[in-house]
Amino acid sequence: MAAIPSTQEEDARRPNREREKLVGDRTRIINRIKAILIRFGIRTYKPTLRKAEERLEALRTAEGVPLLENTRAELRRDLARLRMVQEQIKGIEQQRLRDLEAASSAKTGCHARVRLIARVVGIGVETADMLVHEILSRNLRDRQALARYAGLTGSPDEPSARKGALSSWKCPGPTRHDPTGLAFSAVPEGERARSLVSGTDRGSAFKHA
């Protein structure tokens, strides 16, 4: 059964999804500019530089001649679109930081969980915001759904044999002092996952397990 998010929960996910779409647009524009220039033997131009438009006028083809006027005009329009997309991405990121700063005194809620997860080394604000709004907000009330998302239990449409084997694993509840709901209770030594596999254990049976 899928939980229907409220209008507030769905609205809170919009900035992260919009930023993801804008990042994809930025990558497509950059690849388009580079593809145009490669046809003329230019491979060192970086569209993301601050003075990219000024350097465009000084570009020369492999034959040493300037770019044609129509090609240069097309590249200017692409650079203008790239600047607009970068400004929109920056605006979303700055607004998120302002919202987190405004809710810095709150000890519960989505903003508190974002700040807590962002403290983990290697996880930034963007990843923490995505985890809170896209995964934890919808699955904290349903640990079985969270286990399905992580691949620990089977989904309803899987074969009965595989679903029965996977569904036998019980997702333990969060500990008492776990505001994010990510911590699990103690797991016996024999049931813990191994990060390294020795050469003698790399048989087909072990891989299947």
Residues [X] and [Y] bridged, charged N to O under 4.0 Å:
X	Y	answer
Arg17	Glu20	no
Arg96	Asp99	no
Lys90	Glu87	no
Arg76	Glu57	yes

Search all heavy atoms of [X] against all heavy atoms of [Y] and return the closest pair with its distance.
X	Y	result
Pro47	Ala52	O-CB, 3.5 Å
Ala62	Gly41	CB-CA, 4.3 Å
Arg60	Pro66	CD-N, 3.6 Å
Ile92	Arg19	CD1-N, 4.0 Å
Leu79	Glu53	CD1-CA, 3.9 Å
Leu67	Thr61	CD2-CG2, 3.9 Å

#### Entry: Separation between NZ of Lys51 and CG of Leu56, rounded to the nearest 0.5 Å
15.0 Å
### Message
If we ignore hydrogens and angles and just use 3.5 Å, is the side chain of Asp11 paired with the main-chain N or O of Thr7 as donor and acceptor?
### Response
no
#### Entry: Side-chain donor/acceptor of Gln88 to backbone N/O of Val85, under 3.5 Å
no
### Message
For Glu101, I'd like to know if atom CD has over 12 heavy atoms of other residues, nucleotides or ligands within 6.0 Å.
### Response
no
### Message
Please determine whether the number of non-hydrogen atoms from other residues, nucleotides or ligands lying under 6.0 Å from atom CZ of Arg55 exceeds 12.
### Response
no
### Message
One pair to check against side chain to side chain donor-acceptor pair (under 3.5 Å): Gln86 and Arg83. What are the steps and the verdict?
### Response
CA-CA 5 Å; Gln86 288 177 332; Arg83 288 197 306 271; over 6 Å; no
### Message
Between Arg77 and Glu74, does the salt bridge (Lys or Arg N to Asp or Glu O under 4.0 Å) criterion hold? Intermediate values first, please.
### Response
CA-CA 5 Å; Arg77 289 188 289 269; Glu74 181 182 2; 5.8 Å; no
